[in-house]
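Note that this is a predicted model, so its numbers are computed, not measured. Values reported hereafter were calculated over all heavy atoms of this structure, with side chains retained and with hydrogens, waters and symmetry mates removed.
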Number of protein chains: 2
Amino acid sequence: MQIAILLFENLTALDVIGPYEVLSRLPNAQTIFVGERVGPVRTDTGRLGLVADATLADVPHPDIVVVPGGFGQTAHMTDGPVHQWLRTADATSTWTTSVCTGSLILAAAGLLTGRRATSHWLATDQLPAFGAVPAAERVVFDGKYVTAAGVSAGIDMALALSGQIAGDAAAQAIQLGIEYDPQPPYAAGSPAQAPQPIVEALRANSDHILFGR
Amino acid sequence: MQIAILLFENLTALDVIGPYEVLSRLPNAQTIFVGERVGPVRTDTGRLGLVADATLADVPHPDIVVVPGGFGQTAHMTDGPVHQWLRTADATSTWTTSVCTGSLILAAAGLLTGRRATSHWLATDQLPAFGAVPAAERVVFDGKYVTAAGVSAGIDMALALSGQIAGDAAAQAIQLGIEYDPQPPYAAGSPAQAPQPIVEALRANSDHILFGR
């Protein structure tokens, strides 16, 4: 089972590492980080390099596709190598997935038309412009398309997907292996829970938070 | 505020990326990934390269030190460059932290003697051999030493630490920015919650899970 995780400049690291840490532990999983070029790409903070081990052309038919978000998402909203790869890979994939604003890329590539999907809570309202049906949920399954909310939601998405692929016991073993017993010190992880002044501050700054501009 | 995140061969990626994704969003934070050599190190699955941008010697006095675990932890349990760097860095650090079996490295370097600390649930009982006092908690603060439980616990640790450093509102804004509203599909993230056959299976396989052997 080949799992292709897309890397591009200025992605958000946790968007890919959450799913990677879960899905790489599935039986017979072969995760591979792919990019337009082999070699390091820098994340959205500029402070970390993640290495693409293969080009898009090297991995045309993965079983699972994982698309992250981050500032760099904006560079992949029009037709180009990433869209072309996504459409080719999606034609034969078993699961096509995204985390955070990665769903905007999938939608812009034409893969979420008429499908329910989620995204970072600040970006969900942008999905209809690309033909998707927004759902303010943490993980959304619609057929073989699985989208996760912002950044950290990729962990929950990957565990739910692991259950679909390998059964509950296998997914539970992975969860216990990575000791995923979350105990956030605050109840501030969603706009419904967080203090409203903080929600409003992030809304006012959403262009910077989502797109780095 | 310089935050040095240690990389070594065969580390667990999420151990470092969880804290990185949180701490890099602190005001005035300058995160830097450090290693014995500059360049990519491979994670414990062999399927991912993370790039060290600086050598240990380049970053002798960070304000915050983050030490991960993973299979490669076993290579850093005796005196050597990593221990020497940790002792030097710790002498002037504001916070010295670990995720997963990174606490075993800190303890072996002599930095947790007599201190309460945690680790991956399968490894907590190894802490006393290195002079630390084991605590089966997700995040343990003892003075400036902050240790987190297995793999995913680094996110909770870093949010709690962010609160200490920058105040509750700043930490809550980070939590909302990464949409950390965890909704695991199973209640299997700790040995107390997970189905007991799965707990026993992981215990029986702990040498492989922790150390890759």
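B:S190 and A:Y180 share no donor-acceptor pair across their side chains, judged by distance under 3.5 Å alone.
When the candidates B:R25, B:M157, B:Q30 are compared by the number of heavy-atom contacts under 4.5 Å with chain A, B:Q30 comes out ahead. For the set A:P184, A:S162, A:A52, the entry with the most heavy-atom pairs within less than 4.5 Å of chain B is A:P184. Here B:I17 is the residue among B:V199, B:L210, B:I17 with the most heavy-atom pairs under 4.5 Å with chain A. Note on A:P40, A:G177, A:P191: by heavy-atom pairs under 4.5 Å with chain B, the leading option is A:G177. Residue with the most contacts toward chain A among B:L159, B:D168, B:D15: B:D168 (heavy-atom pairs, distance under 4.5 Å). Chosen from B:N205, B:L202, B:I174, B:L50, the residue pairing most often with chain A at heavy-atom distances under 4.5 Å is B:L202. If you tally non-hydrogen atom pairs under 4.5 Å between each of A:D53, A:I209, A:I5 and chain B, the highest count goes to A:D53. Contacts with chain B were tallied for A:T12, A:L122, A:T31; A:T31 has the most, counting heavy-atom pairs under 4.5 Å. No other option in B:G150, B:A171, B:G189 has as many heavy-atom pairs under 4.5 Å with chain A as B:G189.
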*When you look at B:V22 and A:L14, which way does the side chain to side chain contact (heavy atoms under 4.5 Å, CB included) test go after all the steps?*
CA-CA 10 Å; B:V22 172; A:L14 187 54; over 6 Å; no

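Between the side chain of A:D156 and the backbone N or O of B:Q183, at least one donor-acceptor pair lies under 3.5 Å. Side-chain atoms of B:R47 never come within 3.5 Å of backbone atoms of A:I32 as a donor-acceptor pair (strictly under, hydrogens ignored). Formation of a donor-acceptor pair under 3.5 Å by the A:E179 side chain with backbone atoms of B:A153 is not found in this model. Formation of a donor-acceptor pair under 3.5 Å by the B:W121 side chain with backbone atoms of A:L176 is found in this model. Not a single donor-acceptor pair under 3.5 Å links the side chain of A:H120 to the backbone N or O of B:I178.
Heavy atoms from other residues, nucleotides or ligands lying under 6.0 Å from CG of A:N28 number 12 at most. Within 6.0 Å of CZ in A:R37 there are 12 or fewer heavy atoms belonging to other residues, nucleotides or ligands.
For chain B, the nearby parts of A:A169 are the backbone and the side chain; heavy atoms of each come within less than 4.5 Å. Looking at B:A149, both its backbone and its side chain come within 4.5 Å of chain A, counting heavy atoms on both sides. For a residue to count as touching a neighbouring chain, one of its non-hydrogen atoms must lie under 4.5 Å from one of that chain's; by this rule A:P182 touches chain B with backbone and side chain alike. For a residue to count as touching a neighbouring chain, one of its non-hydrogen atoms must lie under 4.5 Å from one of that chain's; by this rule A:V139 does not touch chain B.
Put simply, OH on B:Y186 and CD on A:Q172 are 6.0 Å apart, with the number rounded to the nearest 0.5 Å. Considering CD of A:E21 and OG1 of B:T43, their distance stands at 7.5 Å, rounded to 0.5 Å.
Taking all atoms of both residues into account, the shortest heavy-atom contact from B:S152 to A:D181 is OG-N, 4.4 Å. Across B:P185 and A:A160, no two heavy atoms sit closer than the pair CG-N, 3.6 Å.
Contact check for A:V51 versus B:V51: side-chain heavy atoms found under the 4.5 Å cut-off.
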